[in-house]
Protein chains: 2
Amino acid sequence: MPEVRCCQCPLRQLPLFMPNNADEIALVQSLKRCELRVGPGETLIQEGQTEASLFTLLTGWAYRFKTLSDGCCQILNFLLPGDFIGVQQKMIAVAEHGVMSLTDAVLCVFRRDALWELHRQSPSMGFNVTWLSAREESLVDEGLLSVGRRSAEGRISALLILLFKRAAARQADGGAAGVPFPLTQQHIADALGLSLVHTNKTLRKLERRGMYRIEQARLHIIDTGKLMNLADLYDPLSNRTSASRPLV
Amino acid sequence: MPEVRCCQCPLRQLPLFMPNNADEIALVQSLKRCELRVGPGETLIQEGQTEASLFTLLTGWAYRFKTLSDGCCQILNFLLPGDFIGVQQKMIAVAEHGVMSLTDAVLCVFRRDALWELHRQSPSMGFNVTWLSAREESLVDEGLLSVGRRSAEGRISALLILLFKRAAARQADGGAAGVPFPLTQQHIADALGLSLVHTNKTLRKLERRGMYRIEQARLHIIDTGKLMNLADLYDPLSNRTSASRPLV
DNA sequence: CGACGTGTTGATCTCTCTCAATTAGAGTGG
DNA sequence: CCACTCTAATTGAGAGAGATCAACACGTCG
């Protein structure tokens, strides 16, 4: 199968992504080295690896994780099409976390100096990289809030809703027919700091209460309101706290 | 007290920070709006706030946090002198987390467009912002690993060691005389997803076992080895996993 | 067909939470 | 100088959410 030209990148057409001009697209194309196709469960970056590559996820899902010496694993966040992989590694020599594919996936592989060239040749795209980086951090923040302060029910509700929203934003129907959901219960447990058994029991409880449904590896959210409630997630449109003025 | 000129910034002299040339320093100076002095426990950025400013922490400590509707709070990470405050807010309109000072602190306040100007006028400093952003994310990653997969003892050990290292890197003696430690046990509990009571009991246990000491608000690590063990923290110098080659 | 990965469920155990009470230190005002 | 108040630290006792252990069901695959 031929490689995708950046100017025809299917991701670029999604409303989720910012429009780029021809020069910018050409720059990205010039930094792209090749494509990489992997199956599910393949290690893209190993913990402790040096000289990891910089990727972009073109299709498929993946996740970042860390492990303790007893082998138990904490998933840091999930990566969906369009997400960067390996920005941290480029910056910090040795990889402090691993990355593993969750499904069949196609990755764009970039030159090792791509991040720097992007900043140098296009400040505006460099700025976007910082933006994406900050965006990813806020996903981890949300995960930390879940694991630190929500009950098992709350964590699962929050994860389902947030993953649904991210996935739905990447498809044309906005999630009306559900979204792909390739996680096993073990992945959910590892992302939420729960045991596999307890994850299963909580998942079943929510399913029996008619809050969500997973069929043929697709997730359908049935009762958004109840899930949002359980998760204690706020609707970003309604500001919960009284409006506040900047300090300076 | 007069404001600090960027060219005389005390932080710049620490080995922790990268050297900058005169142009770069002048650029930063031109983006600096003023200084802000705050006492402990002041809100620098409120959750849900729009139009937050961009700061740099010149002296003192602070922390980023999120709260649930029942008022319980999760600390995301601690901010030490030299850290950015508000990069995420600049990028994502509405603040998804709050920031609060922990001690008396002096902040450099920057123009709202400082982040963009930095990228535009100095790609290399823009690149550094991305680097710092990635660096901060990896701190949150470590916190998530702790809260998700470590026992109470492990979490506290990891927090003490990591905070000690960060603080020690900012002082001339490298931590020989201990480092400032302005956290209350409530802060530790909120950072680690533990209750205040259990935090206290665990802290005392480790102290009685002679692993650390806190005196006059200064932290001394007595037995690094034992703490590292409890935390299941690896020495970055010894690679635990077999060396691995990049995938591409 | 057996081996394996994933999901499901029940029983038991334990780490951590919650509730409650006490102590110590720093202000504050008289 | 001494009550009075407030916050932070401390400790004990009981309760509970979630972990662990154990079995079984089901589909896939070599």
Side-chain angles (χ1 to χ4, degrees), chain A residues 39-42 68 70-75 100-104 146-160 181-209 212-219 230-232, chain B residues 39-42 68 70-75 100 102-104 146-160 181-209 212-219 230 232:
Chain A
E42 286 193 48
L68 291 177
D70 67 359
C72 94
C73 148
Q74 174 67 42
I75 292 181
M100 181 166 283
S101 61
L102 215 40
T103 63
D104 283 320
S146 262
V147 174
R149 290 301 181 203
R150 284 197 251 251
S151 67
E153 285 189 1
R155 295 182 209 184
I156 291 193
S157 305
L159 180 75
L160 291 180
F181 195 78
L183 314 197
T184 65
Q185 296 187 350
Q186 183 67 65
H187 291 127
I188 300 180
D190 285 343
L192 300 181
L194 295 170
S195 71
L196 176 57
V197 173
H198 197 62
T199 300
N200 175 283
K201 288 174 182 171
T202 310
L203 227 24
R204 298 296 341 267
K205 203 192 308 178
L206 299 189
E207 192 175 16
R208 263 186 251 115
R209 283 198 230 153
Y212 78 96
R213 188 161 37 93
I214 293 179
E215 252 165 27
Q216 292 150 354
R218 292 186 76 81
L219 167 66
L230 271 185
D232 195 7
Chain B
E42 286 193 47
L68 291 178
D70 66 1
C72 94
C73 149
Q74 174 67 42
I75 292 181
M100 181 166 282
L102 214 41
T103 64
D104 282 320
S146 261
V147 175
R149 289 303 182 204
R150 283 198 252 253
S151 68
E153 285 188 4
R155 294 182 210 183
I156 290 192
S157 305
L159 180 74
L160 291 180
F181 195 78
L183 314 196
T184 66
Q185 295 187 351
Q186 183 68 63
H187 292 126
I188 299 179
D190 286 342
L192 300 180
L194 295 171
S195 72
L196 175 58
V197 174
H198 198 60
T199 300
N200 176 281
K201 288 175 181 171
T202 311
L203 226 24
R204 298 297 339 267
K205 204 191 310 178
L206 299 189
E207 192 176 17
R208 263 185 251 119
R209 283 198 230 152
Y212 79 95
R213 188 162 38 93
I214 292 179
E215 252 165 28
Q216 293 151 353
R218 292 185 76 80
L219 167 66
L230 270 185
D232 195 6

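A, B, ... follow the sequence lines: proteins, then strands. Residue 1 opens every chain.
- In the interface, the side chain of A:K201 is not paired with the base of C:dG7 through any donor and acceptor atom under 3.5 Å apart.
- Salt bridge absent: A:E215 and A:R218 never bring a charged side-chain N and a carboxylate O closer than 4.0 Å.
- Remark: the backbone N or O of B:E207 is not paired with any side-chain donor or acceptor of B:R213 at under 3.5 angstrom.
- For the OP1/OP2 pair of C:dT8 and a distance below 4.0 Å, the side-chain nitrogens and oxygens of A:N200 include at least one atom meeting the criterion.
- At distances below 3.5 Å, not a single donor-acceptor pair connects side-chain atoms of A:E42 with backbone N or O atoms of A:M100.
- The shortest distance between the side-chain N/O atoms of A:R204 and the OP1/OP2 oxygens of C:dT9 is below 4.0 Å.
- Taking each heavy atom of B:R155 and B:L192 in turn, the nearest pair found is NH1-O, 2.7 Å.
- The NE2-C1' distance, from B:H198 to D:dG18, rounds to 14 Å in whole Å.
- Using a 4.0 Å heavy-atom criterion, one finds that A:R208 contacts the sugar-phosphate atoms exclusively.
- Contact annotation for B:S195: base contact, defined as any heavy-atom pair under 4.0 Å involving a base atom.
- Contacts of B:R149 with the nucleic acid, taken as non-hydrogen atoms under 4.0 Å apart, are absent.
- Counting any heavy atom pair closer than 4.0 Å across all strands shown, B:L196 reaches no nucleic acid atom.
- When each of A:V197 and A:T202 is assigned the nucleotide of DNA chain D with its nearest heavy atom, A:T202 is the one assigned upstream, toward the 5' end.
- Atom CD of B:E207 and atom P of D:dA9 are 11 Å apart (whole Å).
- Closest to the side chain of B:L194, out of D:dA9, C:dT6, C:dT16, is C:dT16.
- Computed from coordinates, the A:L203 CG to D:dG18 C1' distance equals 15 Å when rounded to whole Å.
- Here the P atom of nucleotide D:dG18 and the CD1 atom of A:I156 are 10 Å apart, to the nearest Å.
- Rounded to whole Å, the distance from CG on A:D190 to P on C:dG7 is 12 Å.
- Here C:dT16 is the nucleotide among D:dT10, C:dT16, D:dG18 with the atom lying nearest to any side-chain atom of B:A152.
- Within 4.0 Å (heavy atoms only), B:G193 reaches sugar-phosphate atoms of the nucleic acid but no base atom.
- Between A:Q185 and the phosphate of C:dG5, there is no side-chain N or O to OP1/OP2 separation shorter than 4.0 Å.
- Here the side chains of B:K205 and B:R209 are in contact, with some heavy-atom distance below 4.5 Å.
- What separates CG of A:L102 from P of C:dG5 is a distance of 17 Å, to the nearest Å.
- The CD atom of A:Q186 sits 14 Å away from the P atom of C:dT8 (whole-angstrom rounding).
- B:I188 has its CD1 atom 10 Å from the P atom of D:dT10, to the nearest Å.
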